[in-house]
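Data first, discussion second: the structure below is written as structure tokens.
Worth saying up front: this structure is predicted, and the values here are computed from it rather than measured. Quick note on labels: first sequence line is chain A, next is B, and so on, each numbered from 1.
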Amino acid sequence: MKIASFNINGIKARAEALPRWLDHAHPDVVVLQEIKSQDEAFPREMFEDRGYNVETHGQKGFNGVAILSKFPLEDVSRGLPGDDGDDQARWIEATVTGKRAIRICGMYLPNGNPAPGPKYDYKLAWMARLERRARDLLAAEEPAVMLGDYNIIPQAEDAARPEAWREDALFRLESREAFRRVVNLGFTDAFRARHHGPGHYTFWDYQAGAWRRNDGIRIDHLLLTPQAADLLRDCQIDSAERAGDKPSDHVPIWVDLDA
DNA sequence: ATGGCCTACGTAGTAGGA
């Protein structure tokens, strides 16, 4: 089962690039971030015509997440628990069943800039809620994948120019500590289980020729529970998508699970 | 050459992103 994450930076703007990638990569399950669309305006038919079931959690103008799946999407849940006053559309869950049932948790973690400040406080509070959800997923002792745009650069080797990000909300010590608190509960960073060393990125800024100069950062991640990690066969970043026509500033990242 | 973006909303110029 091929499970992917892709921050598309606007579903309307990606009406050509996203189907092109789907037809090339043939993922079974995709979590999308930054659909920047309300549920009613989401072009479901584009995906249903390709055999995907579609569940969205959108809002007007920005944010918004969705799940596409060739398997039925069961027990769908929208919103990260822990704050009923949070109306930002950043979290969606569902269960898909191939050979095994897999809980899919798709996220668009807050950016948090400028830091410090209220947006950074929101990011850290959101990550505290994420940790609580992560603990519950581990306690279930079932295969689960938390994947999406984490807006976290885990280590210096995950940025081409780490010194440029030192005080940024994506790389500040508190951000990395919060991410490691989640990972260290017992999750596997799927990409780092398969690849070592610097030079692996999932985001390149539109500005300043960042793609041409390979000035990237690795901020899209798939964290696996132990039961999911046991099924891991492969993990890859589809970086070639960044060179296509009208690309997102992020590229897809995926795992292949024996499920 | 030390360069300089993209999207939604809405129809001009902000807000937000990373």
### Query
Regarding N111(A) and K119(A), is there a side-chain donor-to-acceptor distance under 3.5 Å anywhere?
no

### Query
K119(A) side chain: which of dG4(B), dG16(B), dA18(B) is closest?
dG16(B)

### Message
Would R218(A) pass as a cation-pi partner of Y201(A), given that its NZ or CZ must be under 6.0 Å from the six-membered ring centre and within 45 degrees of the axis?
### Response
no

### Among F191(A), F179(A), F203(A), W254(A), the one residue meeting ring-ring contact (aromatic ring centres under 6.0 Å, His included) with H221(A)
F179(A)

Can you tabulate the close N/O pairs, meaning under 3.5 Å, that link protein atoms to atoms of nucleotides 9-13 of chain B?
residue	atom	partner	partner atom	Å
dC9(B)	OP1	G61(A)	N	3.3

### Query
Within the structure shown, what part of the strands sits under 4.0 Å from D220(A) by heavy-atom distance: base, sugar-phosphate, or nothing?
nothing

### Query
With distance as the sole criterion, is a donor-acceptor pair present between the side chains of Q88(A) and N63(A) under 3.5 Å?
yes

### Task
Would you mind classifying the nucleic acid contact of N9(A) as base, sugar-phosphate or nothing, using non-hydrogen atoms under 4.0 angstrom?
sugar-phosphate

### Task
Could you check whether F171(A) gets within reach of a base, just the sugar-phosphate, or nothing at all, counting any heavy atom under 4.0 Å?
nothing

### Query
Across the strands shown, which category fits R212(A) at heavy-atom distances under 4.0 angstrom: base, sugar-phosphate, nothing?
nothing

### Task
Using a heavy-atom cut-off of under 4.0 Å over every strand shown, decide if N151(A) touches base, sugar-phosphate, or nothing.
sugar-phosphate

### Message
Under 4.0 Å, counting only non-hydrogen atoms across every strand here, what does D215(A) touch: a base, just sugar-phosphate, or nothing?
### Response
nothing

